[in-house]
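Note sheet for the following structure.
The first residue of the sequence shown is numbered 1, and numbering continues consecutively from there. Everything numeric here is computed off the predicted structure, so don't read it as measured data.
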Amino acid sequence: MDDHQRSEHRNLVKPLRCIVKLGGAAITCKNDLEKINEANLEMVATQLRRVMISGSSSSKVPGMDWSKRNGKLETSLDVDEFKDQELLESSSFIVVHGAGSFGHFQASQSGVHKGGLKRPIVKAGFVATRISVSTLNLEVVRALAREGLPSIGISPFSCGWSTREKNIASADLSTVAKALDLGFIPVLHGDAVLDELQGCTILSGDVIIRHLAEHLKPDYVVFLTDVFGVYDRPPTEPDAVLLKEIAVREDGNWSVVKPPLEDSQVEMTVATHDTTGGMQTKISEAASIAKLGIDVYIVKAATTHSVRALSGDLKGNIPDDWLGTAIRFAG
């Protein structure tokens with residue numbers, strides 16, 4: 001690691017089982033500014049509880065969001081629920097979420113991703129973007145906490161993460177590692193951060209995951225999206241084919257293993273408002289993770305297929321009835 005890719009971290013006491021990426025399009029309504037897809041987020045949180053906390057499917061886990069909810073007269077705290085509650089053993093997970101309809105509008109309108117903090121519109125956009133993504137982060141943390149998951153929101157900007165030419169220049173992982181060792185679930189998010197050359201930029205959740213995977217070595221990584229996986233062309237097009245398995249070679253190039261395609265060229269499109277690269281970035285980052293020997297699964301959120309991926313049940317051959325994309329190292 002060179003001087004421009006410093007990372008302060010320490011070895012984990014407890015091995016990291018999984019890093020989960022909650023795609024912004026899966027947990028927000030991407031065509032409605034700053035609107036959460038509450039049904040999807042609630043289902044994702046429930047599924048995470050089931051795969052993370054042993055025995056929680058058949059027993060009630062007290063919630064940890066004691067805030068006053070809209071339409072309620074009191075907080076949700078019931079102290080009696082904790083009197084005979086045993087400390088449930090949970091797997092070690094990290095959650096990273098995208099911005100979806102939060103943050104992208106503010107960033108693209110102000111040009112934060114292009115830098116230039118001396119311009120008033122960029123500085124204002126930097127502030128506005130961070131307000132927006134932090135708002136979503138709080139709601140994701142609360143959704144997980146309501147399921148009894150001890151989640152802690154962690155902002156890359158506040159932890160001093162910075163970039164240089166859009167690559168991570170500095171990232172202090174000590175807070176993440178300590179939270180994991182104490183039994184918490186760190187919840188990170190795509191963020192507006194400082195850049196050594198252009199002043200500022202947007203650090204995507206996918207880049208964050210690659211960095212976390214490189215240094216904390218999870219058993220596997222799961223990307224939860226709004227589609228079933230990676231297709232050979234935009235999935236809205238007729239005859240789009242779901243790519244079930246992709247092999248990544250040592251040189252970083254990748255090829256489709258299942259199903260066999262006549263034309264290996266995979267078409268990609270990026271939404272005009274997406275300042276972090278869309279699916280092309282996701283494939284590139286997933287391939288970088290797979291090169292580390294870590295399996296990556298891209299699957300539709302809030303489905304039975306996502307439960308199987310989150311549970312770690314897809315090692316070895318990919319079942320024919322599983323809908324998703326597995327990305328693995330060919331070596």
Next on the checklist: With no hydrogens and no angle check, just 3.5 Å: does a side-chain donor-acceptor pair link Ser306 and Gln47?
Outcome noted: yes
Checklist entry - Side chains of Arg130 and Asp191: does their closest heavy-atom pair fall under 4.5 Å? => result yes
Next on the checklist: Just verifying a value: how many Å separate Gln198 CD and Glu165 CD, rounded to the nearest 0.5 Å?
Outcome noted: 9.0 Å
Next on the checklist: Does any part of the side chain of Trp322, heavy atoms only, come nearer than 4.5 Å to the side chain of Val299, both counted from C-beta?
Outcome noted: yes
Checklist outcome for this item: Here the gap from Leu216 atom CG to Ile209 atom CD1, rounded to the nearest 0.5 Å, amounts to 12.0 Å
Item to check | Close side-chain approach of Asp206 to Phe223, heavy-atom, < 4.5 Å | outcome: yes
Checklist entry - In terms of heavy-atom contacts, does NZ of Lys217 have more than 12 from other residues, nucleotides or ligands at under 6.0 Å? => result yes
Item to check | Flag side-chain contact, heavy atom, 4.5 Å: Leu194 against Leu117 | outcome: yes
Checklist entry - According to the interplanar angle, ranging from 0 to 90°, do the rings of Phe228 and His305 count as parallel (below 30°), tilted (30 to 60°) or perpendicular (above 60°)? => result perpendicular
Checklist entry - Would you say the side chain of Leu41 lies within less than 4.5 Å of the side chain of Glu38, judging by non-hydrogen atoms? => result no
Next on the checklist: Would Lys14 and Asp181 count as a salt bridge (charged side-chain N to carboxylate O under 4.0 Å, His left out) here? Give the steps.
Outcome noted: CA-CA 6 Å; Lys14 186 178 180 181; Asp181 286 342; over 6 Å; no
Checklist outcome for this item: Hits for side chain to side chain donor-acceptor pair (under 3.5 Å) against Thr163, two or more places apart or cross-chain, chain-then-number order -> Asp195
Next on the checklist: For Phe329, does the six-membered ring have the charged nitrogen or CZ of Lys291 within the cation-pi criterion, i.e. under 6.0 angstrom from the centroid and within 45° of the normal?
Outcome noted: no
Checklist entry - What's the spacing between Leu188 CG and Ile154 CD1 if we round to 0.5 Å? => result 5.5 Å
Item to check | Side-chain heavy-atom pair Leu136, His97 within 4.5 angstrom cut-off | outcome: yes
Next on the checklist: Does Asp321, at its CG atom, have more than 12 non-hydrogen atoms belonging to other residues, nucleotides or ligands within less than 6.0 Å?
Outcome noted: yes
Checklist entry - Would you say Leu173 and Trp161 make side-chain contact, with heavy atoms under 4.5 Å? => result yes
Next on the checklist: Let's go through Arg146 and Asp65 carefully: what are the C-alpha distance in whole Å and the side-chain angles of both, what is the deciding distance for salt bridge (charged side-chain N to carboxylate O under 4.0 Å, His left out) to 0.1 Å, and is it a yes or a no?
Outcome noted: CA-CA 5 Å; Arg146 286 195 292 272; Asp65 178 13; 3.3 Å; yes
Checklist outcome for this item: The salt bridge (charged side-chain N to carboxylate O under 4.0 Å, His left out) partners of Arg328 (sequence neighbours excluded) come to Glu245, Asp295
Checklist entry - Is any side-chain heavy atom of Ser110 less than 4.5 Å from a side-chain heavy atom of Lys123? => result no
